[in-house]
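Quick caveat: nothing in here was measured; it's all calculated off a predicted structure.
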Amino acid sequence: TEEWYELAYPDPNYRDEVIERWKPYLKKAEKSNQAVYTGEYNITCKDGSVKRCEIYAQFISENLIVTLNDITARKKAEEGLKESQQRFDYAMKASQDGIWDWNISENKVFYSQAWQNILNIDEESNSFDLWNKRIHQEDKDEVMKSLNLHLENKTDFWEADHRLRAGDGKWKWVKGKGKVMEWDSKKNPTRMVGTMTDITELKKVEEELKESEERLNLIIKGSNDAPWDWDLVKDDLYYSPQWWAQIGYEPDEIAKDSQLWARLRHPDDVERVDNFFADALKNKDSYEVEFKLKHKDGHYVPILSRGFISRNNNGEPIRVSGTNLDLTERKKAEEQLKESEEKYRKLFENSVAPILNTLTDGTIEAANPASEVFFGVGRNELTGANLLDFYANPAYRMEFRRAMDEKGSVTDFPIQFKKKDGTLIDCMATVSVHRSEDGSEILGYRGTLRDITEQKKAEELLESERKRFY
């Protein structure tokens, strides 16, 4: 017996436990003529594997006969079934889906508690009408039509989104799913089981999304943006009607594929844009890039393309969505601005009158060559200096700011400045306000100065002579 114990139960702790469990059964077996069930035990085999066995003990002519019934496979099956049932229970609790089981022959339905919780009801009823009479009238025909098609074995399963009246009288959107599981000998359905999911919030989101898409479509129609969407996995690129219109075509007027936009690019843009896009797919979530697309009539349209990159759980790009903006008018405006700025620069540099750009605190941002002569200071020294330092009298500054605040600009405003060497200069200032793009903020002032020092001296001399003779 000791040798058997050591072989079957090599773990000494477990062996001691088994010996203690066996003692009362052995006493019982000694007094009985039949085999005594002693329980289930883990038996270690020669190869080290462990089997679950039922053990029976029986004494025959004072010899102990031990019978082992291997139940390892049965135990595994039971554990598997238990685990499967537990997994199902956990899944249903986690999903909060309601379960129903319809005995079609008797027209009785089992409704789970979760099913009733969705509708905020608590009724001890197995009536088909508990569900049927709660269906919204606008949904009922379609729901029953789809259900009957499945009962007639014309569909693989039944599924229907519909509204049900809840216990508080409000309507809830639900998704019903089910399948006939049993049929009688005449191929009539006898049992159908399924689930019900509360999709009320989902329907609200879908409705909001629909409204949002409608607003977006109206916005897009009223703008110059041309949407596009590229499914990288399927290599399928959607070109919107606005996209086609930007390059002068009707939708699908020419053969399209995911590389159509690439073939229509200006040759000078190909390598730059290819490298940029490849880098964006590796390292970015969004991007914007400029290139030109060939118009139907042959000229090239400047485009600003903006894209958002969607990735899978591994970080791999799977979709790129974005818009193209026609930059034609902007490019024209930029060119006109460039020409205007060039004209201003030439006027600024070549003007015989001093021209100054200052900040609101008087700091000189820019000064033309004529300003150097006017103030007797080199341009490098003049730029960054404060115009307040050149006022002959600070009161001039106060009068100037008061006039600018009242009128927004001044013409031939009398001011007296002093050169670096202290020489006084009488002048007339013509100044306008420089504002931010939206006009809400004053950034500084731009103006020209006209030296009237000699004119004023001549006027004073003329006045002096007039007084002498008159």
Side-chain angles (χ1 to χ4, degrees), residues 216-312 314-350 357 365-366 436-438:
L216 179 60
N217 288 332
L218 290 174
I219 292 171
I220 291 174
K221 287 180 180 179
S223 70
N224 292 325
D225 287 343
W228 48 267
D229 181 52
W230 190 356
D231 185 330
L232 299 178
V233 178
K234 298 178 180 178
D235 196 26
D236 180 36
L237 204 161
Y238 163 75
Y239 302 95
S240 68
Q242 293 90 337
W243 188 94
W244 290 101
Q246 280 184 350
I247 53 175
Y249 290 96
E250 293 294 325
D252 303 330
E253 185 176 340
I254 56 176
K256 67 179 178 72
D257 55 40
S258 65
Q259 294 303 309
L260 173 61
W261 73 280
R263 293 194 297 272
L264 293 175
R265 286 176 299 175
H266 193 285
D268 294 345
D269 296 331
V270 172
E271 183 177 359
R272 173 181 60 83
V273 175
D274 282 346
N275 292 337
F276 178 90
F277 189 64
D279 181 67
L281 290 179
K282 292 178 182 177
N283 307 309
K284 299 180 180 179
D285 293 326
S286 61
Y287 68 88
E288 62 178 49
V289 61
E290 289 188 23
F291 52 83
K292 295 179 287 293
L293 293 179
K294 191 172 184 179
H295 195 275
K296 183 179 180 179
D297 64 13
H299 77 278
Y300 283 88
V301 180
I303 296 293
L304 172 62
S305 185
R306 297 187 179 97
F308 176 80
I309 302 170
S310 301
R311 301 180 183 276
N312 60 19
N314 297 322
E316 300 166 332
I318 57 174
R319 193 179 209 95
V320 187
S321 305
T323 60
N324 283 4
L325 176 64
D326 185 345
L327 296 178
T328 301
E329 294 304 318
R330 182 189 296 183
K331 292 293 184 182
K332 287 180 181 179
E334 289 175 353
E335 189 62 32
Q336 291 171 355
L337 178 61
K338 183 179 178 181
E339 292 176 0
S340 175
E341 288 177 343
E342 180 62 21
K343 289 179 182 178
Y344 176 76
R345 187 190 66 79
K346 290 179 179 179
L347 175 63
F348 184 83
E349 294 293 331
N350 298 323
N357 295 342
E365 278 193 309
S436 58
E437 288 187 8
D438 61 5

| task | Output, in order, the C-alpha distance, side-chain angles, deciding distance and verdict of side-chain contact (heavy atoms from CB on, under 4.5 Å) for S305 and F291. | result | CA-CA 8 Å; S305 185; F291 52 83; 3.5 Å; yes
| Test of ring centre spacing under 6.0 Å for Y238 and W244 |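 Ring centroids of Y238 and W244 are no less than 6.0 Å from each other.
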Less than 4.0 angstrom from a charged side-chain N to a carboxylate O is my criterion; do [X] and [Y] meet it?
| X | Y | value |
| --- | --- | --- |
| K292 | D268 | no |
| R319 | D236 | no |
| K338 | E335 | no |

Taking atom [atom1] of [X] and atom [atom2] of [Y], what is their separation to the nearest 0.5 Å?
| X | Y | atom1 | atom2 | result |
| --- | --- | --- | --- | --- |
| D274 | D269 | CG | CG | 10.0 Å |
| W243 | T323 | CH2 | OG1 | 13.5 Å |
| W228 | L260 | CH2 | CG | 13.5 Å |
| N324 | L293 | CG | CG | 6.5 Å |
| D231 | I318 | CG | CD1 | 8.0 Å |
| L337 | E341 | CG | CD | 4.0 Å |

Flag the pair [X] / [Y] as yes when at least one side-chain heavy-atom distance between them is below 4.5 Å, and no otherwise.
| X | Y | result |
| --- | --- | --- |
| I254 | K296 | no |
| R330 | L325 | yes |
| F308 | S310 | yes |

| task | Starting from the C-alpha separation in whole Å, work towards a yes-or-no answer on salt bridge (charged side-chain N to carboxylate O under 4.0 Å, His left out) for K331 and E290. | result | CA-CA 12 Å; K331 292 293 184 182; E290 289 188 23; 3.1 Å; yes
For [X] versus [Y], what's the shortest heavy-atom pair and its separation?
| X | Y | result |
| --- | --- | --- |
| A280 | R311 | O-NH2, 3.3 Å |
| H295 | Q246 | CD2-O, 3.6 Å |
| Q242 | P227 | OE1-CD, 4.0 Å |
| S258 | D235 | OG-OD1, 2.8 Å |
| D326 | I303 | CA-CD1, 4.2 Å |
| K284 | F276 | NZ-CE1, 3.9 Å |

| field | Main-chain N/O of F277 paired with N275 side-chain donor or acceptor, under 3.5 Å | value |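 Absent.
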| message | Can a donor-acceptor pair be found, under 3.5 Å and without considering hydrogens, that links the side chain of Y239 to the backbone of D257? | response |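 Checked: pair present.
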| task | Flag this pair as yes if the NZ/CZ of R265 is under 6.0 angstrom from the six-membered ring centre of W261 and inside a 45 degree cone about the axis; otherwise no. | result |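 Cation-pi check for R265 and W261: passes.
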| N283 side chain to D279 side chain, donor-acceptor N/O pair below 3.5 angstrom |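 There is such a pair between these side chains.
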| Heavy atoms of other groups near E342 CD, more than 12 under 6.0 Å |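 Check passes, neighbour count above 12.
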| query | Should we say atom CD of Q259 is surrounded by more than 12 heavy atoms from elsewhere, each under 6.0 Å from it? | reply |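 Yes, because the 6.0 Å sphere around CD of Q259 holds more than 12 heavy atoms from other groups.
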| said: Checking E288 against L304 for the side-chain contact (heavy atoms from CB on, under 4.5 Å) test, could you report, in this order, the C-alpha distance in whole Å, the side-chain angles of both residues, the deciding distance, and whether it holds? | reply: CA-CA 7 Å; E288 62 178 49; L304 172 62; 4.2 Å; yes
